[in-house]
Participant: 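Let me give you the structure first, and then I'll get to my questions.
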Amino acid sequence: MLEDTKNHDNVESVSESTVLTPPADNLITVRNLKTYFPIKDGILQRVVAHVKAVDGISFDLKLGETLGLVGESGCGKTTVGRTILRLVPKTEGSVFFKGIDVFGLSRSELRQMRPQMQIIFQDPFSSLSPRLPVGEIIGEAVREHKLVPPDEFDDYIDQVMIDCGLQPYHRNRYPHEFSGGQRQRICIARAIALKPDFIVADEPVSALDVSVQAQIINLMMDLQESRGLSYLFISHDLSVVEHISNIISVMYLGELVETGGKEDIFRNPLHPYTQALFSAIPVPDPDYKADKIPLEGTIPSPVNPPPGCKFHTRCPQVMEICKQIPPLAYEVEKEHFTICHLYRGSKLADYETRTEDSLEESEQVAE
């Protein structure tokens, strides 16, 4: 259980929440993670506000699993992945990798852990250096971290390329000589060459044609099975996420509004936002009449989100309590969580951090 450390008014003074003992079987444990970006103004460039890109999320990921993170553009999905990898600083919360506090590591300790946590970027065109041949792009970090003996280096890079659907004779070519799908294979090869356990896949197929998307997804699933990888798979495409994920988390304006197993999420979406997303999935049947759930209004600003539930300004099932009190995280079904006042009679999630006072206040408003 976490200590209560929520403080939205003064980001500078936020104390760090703590996890006493991360679950032993988790590869990744995230608790109450927040990432705020300062907005500066004036001649002295004083901080006048914060963009609350990630605003208190918690989840667990076990070895060999894939967590699909979905949501609208700008909801904070990419920032979650980059914060977990410590590519951007956190504001509050905890991230544990194999039980080790990622943000508690020194620079030398983080360098030793880097090969185990990798990322596949969204754009296969801009994420590859045009000045390096493919073999050097894939092998540069392998050589730097001394993962294989020098006399085995060439054979190792050749094998990694073969595993990713590339040919060894490609190693002396440059990125501009490849198609988009081949470039993404190079990005995947660069990531797995370091023998990681965890990979953040930041919309790795969104820039590719549909037929190529299927090839890349199948490649990632084959590599996961053969190498025991865990993925944080970031996407806005529900069909892609359904194909590759074991667990799905739905994100809205910096918060995870629903998390559960793939079958549970698609069978019984709980949160009104999730239900609206699913109602918008196109069905390849001209005679099918979709019962779409319209969302009125615009997405609120992450600089100044609305009080209470962040979704209440667009929710078709909004209640008075939604406008005043932030909802708690409830376990409605086994390992199926949502933050919504509609389910306030359900069991509280183990990672819920709000105090008993706020719980009593929400019950009073509900009455």
Side-chain angles (χ1 to χ4, degrees), residues 19 22-33 54 56-72 75-81 83-85 93-99 117-120 196-205 217-218 220-225 227-252 254-271 273-275 277-278 281 329-340 343 346-352:
V19 179
D25 58 343
N26 285 353
L27 180 69
I28 297 288
T29 300
V30 176
R31 290 292 180 268
N32 196 32
L33 183 64
V54 180
I57 70 169
S58 301
F59 64 84
D60 301 318
L61 181 63
K62 295 179 173 60
L63 189 63
E65 289 186 339
T66 298
L67 172 63
L69 187 59
V70 301
E72 296 170 291
C75 68
K77 304 186 299 295
T78 296
T79 305
V80 171
T83 305
I84 291 174
L85 297 179
S94 303
V95 176
F96 285 82
F97 177 72
K98 296 182 178 180
M117 305 171 69
Q118 290 297 302
I119 185 170
I120 301 170
D197 295 312
F198 173 64
I199 294 178
V200 174
D202 185 9
E203 302 199 40
V205 297
I217 292 296
N218 290 333
M220 293 182 64
M221 295 178 68
D222 291 341
L223 292 172
Q224 181 178 39
E225 183 177 355
R227 294 171 178 261
L229 298 171
S230 296
Y231 293 131
L232 174 61
F233 191 90
I234 299 169
S235 179
H236 58 267
D237 190 330
L238 288 168
S239 60
V240 172
V241 170
E242 181 184 15
H243 186 64
I244 194 173
S245 302
N246 308 106
I247 308 165
I248 295 177
S249 288
V250 181
M251 195 167 185
Y252 181 81
E255 293 184 341
L256 297 185
V257 298
E258 186 168 353
T259 299
K262 174 177 62 177
E263 292 79 11
D264 295 332
I265 294 288
F266 276 83
R267 171 183 56 84
N268 183 28
L270 300 174
H271 197 278
Y273 177 65
T274 310
Q275 295 168 0
L277 286 182
F278 277 57
I281 298 176
Y330 296 106
E331 186 176 13
V332 181
E333 300 174 338
K334 184 178 180 181
E335 297 184 353
H336 190 174
F337 306 92
T338 186
I339 57 168
C340 183
Y343 306 96
S346 303
K347 173 187 174 184
L348 280 175
D350 291 338
Y351 53 71
E352 182 54 58

Participant: Give the intermediate values and the outcome of salt bridge (Lys or Arg N to Asp or Glu O under 4.0 Å) for residues R227 and D222.
Facilitator: CA-CA 8 Å; R227 294 171 178 261; D222 291 341; over 6 Å; no
Participant: Please examine the side chains of L69 and L256, heavy atoms only from C-beta on, and report whether any two atoms are closer than 4.5 Å.
Facilitator: yes
Participant: Under 4.5 Å between any side-chain heavy atoms of F97 and I84, yes or no?
Facilitator: no
Participant: Run the side chain to side chain contact (heavy atoms under 4.5 Å, CB included) check on T66 and L232 step by step: do they pass?
Facilitator: CA-CA 6 Å; T66 298; L232 174 61; over 6 Å; no
Participant: Looking at every non-hydrogen atom in both residues, tell me the closest pair between G76 and V54 and how far apart they are.
Facilitator: O-CG2, 3.9 Å
Participant: Please report the interatomic distance CZ(F59) to CG(L67), rounded to the nearest 0.5 Å.
Facilitator: 5.5 Å
Participant: Test side chain to side chain contact (heavy atoms under 4.5 Å, CB included) on L270 and Y343; report intermediate values, then the result.
Facilitator: CA-CA 9 Å; L270 300 174; Y343 306 96; 3.6 Å; yes
Participant: Could you report the tightest heavy-atom contact between N32 and S58, atom names first, then the distance?
Facilitator: N-OG, 2.8 Å
Participant: How many angstroms lie between atom NE2 of H271 and atom CD1 of I265, to the nearest 0.5 angstrom?
Facilitator: 11.5 Å
Participant: Could you check whether K98 pairs with D197 (Lys NZ or Arg NE/NH1/NH2 to Asp/Glu carboxylate O, under 4.0 Å)?
Facilitator: yes
Participant: Report yes if the side chains of E331 and L348 come closer than 4.5 Å at any heavy-atom pair, otherwise no.
Facilitator: no
Participant: If I compare all heavy atoms of Y330 with all of S346, which pair ends up nearest, and what's the gap?
Facilitator: CD2-O, 3.3 Å
Participant: Which residues pass the side chain to side chain contact (heavy atoms under 4.5 Å, CB included) test with Q118, not counting sequence neighbours?
Facilitator: A191, L194, P196, I199
Participant: Keeping the roles fixed (side chain from Q275, backbone from P269), state whether a donor-acceptor pair exists under 3.5 Å.
Facilitator: yes
Participant: If you round to the nearest 0.5 Å, how far is CD of E333 from NZ of K347?
Facilitator: 13.5 Å
Participant: Who pairs with T79 by side-chain hydrogen bond (donor to acceptor under 3.5 Å, both in side chains), at least two apart in sequence or on another chain?
Facilitator: none
Participant: When rounded to the nearest 0.5 angstrom, what is the spacing between CD1 in I28 and NZ in K62?
Facilitator: 12.5 Å
Participant: Residues in side chain to side chain contact (heavy atoms under 4.5 Å, CB included) with S230, at least two apart?
Facilitator: L27, L61, L63, F198
Participant: Evaluate E258 against T274 for side chain to side chain donor-acceptor pair (under 3.5 Å), listing each step before the verdict.
Facilitator: CA-CA 7 Å; E258 186 168 353; T274 310; 2.9 Å; yes
Participant: Could you walk me through whether I120 and D202 pass the side chain to side chain contact (heavy atoms under 4.5 Å, CB included) check?
Facilitator: CA-CA 6 Å; I120 301 170; D202 185 9; over 6 Å; no
Participant: Just do the side chain to side chain contact (heavy atoms under 4.5 Å, CB included) check on V240 and F233 with the steps written out, would you?
Facilitator: CA-CA 10 Å; V240 172; F233 191 90; 3.6 Å; yes
Participant: State whether K77 and E72 are salt-bridged, where the test is any N-O pair (Lys NZ or Arg NE/NH1/NH2 against Asp/Glu carboxylate O) under 4.0 Å.
Facilitator: no
Participant: Tell me whether the centres of the aromatic rings in F278 and F266 are closer together than 6.0 Å.
Facilitator: yes
Participant: Please tell me if the side chains of T259 and I248 come closer than 4.5 Å, counting only heavy atoms from C-beta onward.
Facilitator: no
Participant: Once you round to the nearest 0.5 Å, how far does CD1 of I247 lie from CG of D60?
Facilitator: 8.0 Å
Participant: So, do Y231 and L223 sit near enough that their side-chain heavy atoms are less than 4.5 Å apart?
Facilitator: yes
Participant: Any side-chain donor paired with an acceptor under 3.5 Å for S239 and D237?
Facilitator: yes
Participant: Taking all non-hydrogen atoms of both residues, which atom of M251 and which atom of Y273 are closest, and how far apart?
Facilitator: O-CE2, 3.6 Å
Participant: Can you tell me how far apart CD1 (I244) and CD (Q224) are? Round to the nearest 0.5 Å.
Facilitator: 6.5 Å
Participant: Check whether any side-chain N or O of T338 sits under 3.5 Å from a backbone N or O of V257 as a donor-acceptor pair, and report yes or no.
Facilitator: yes
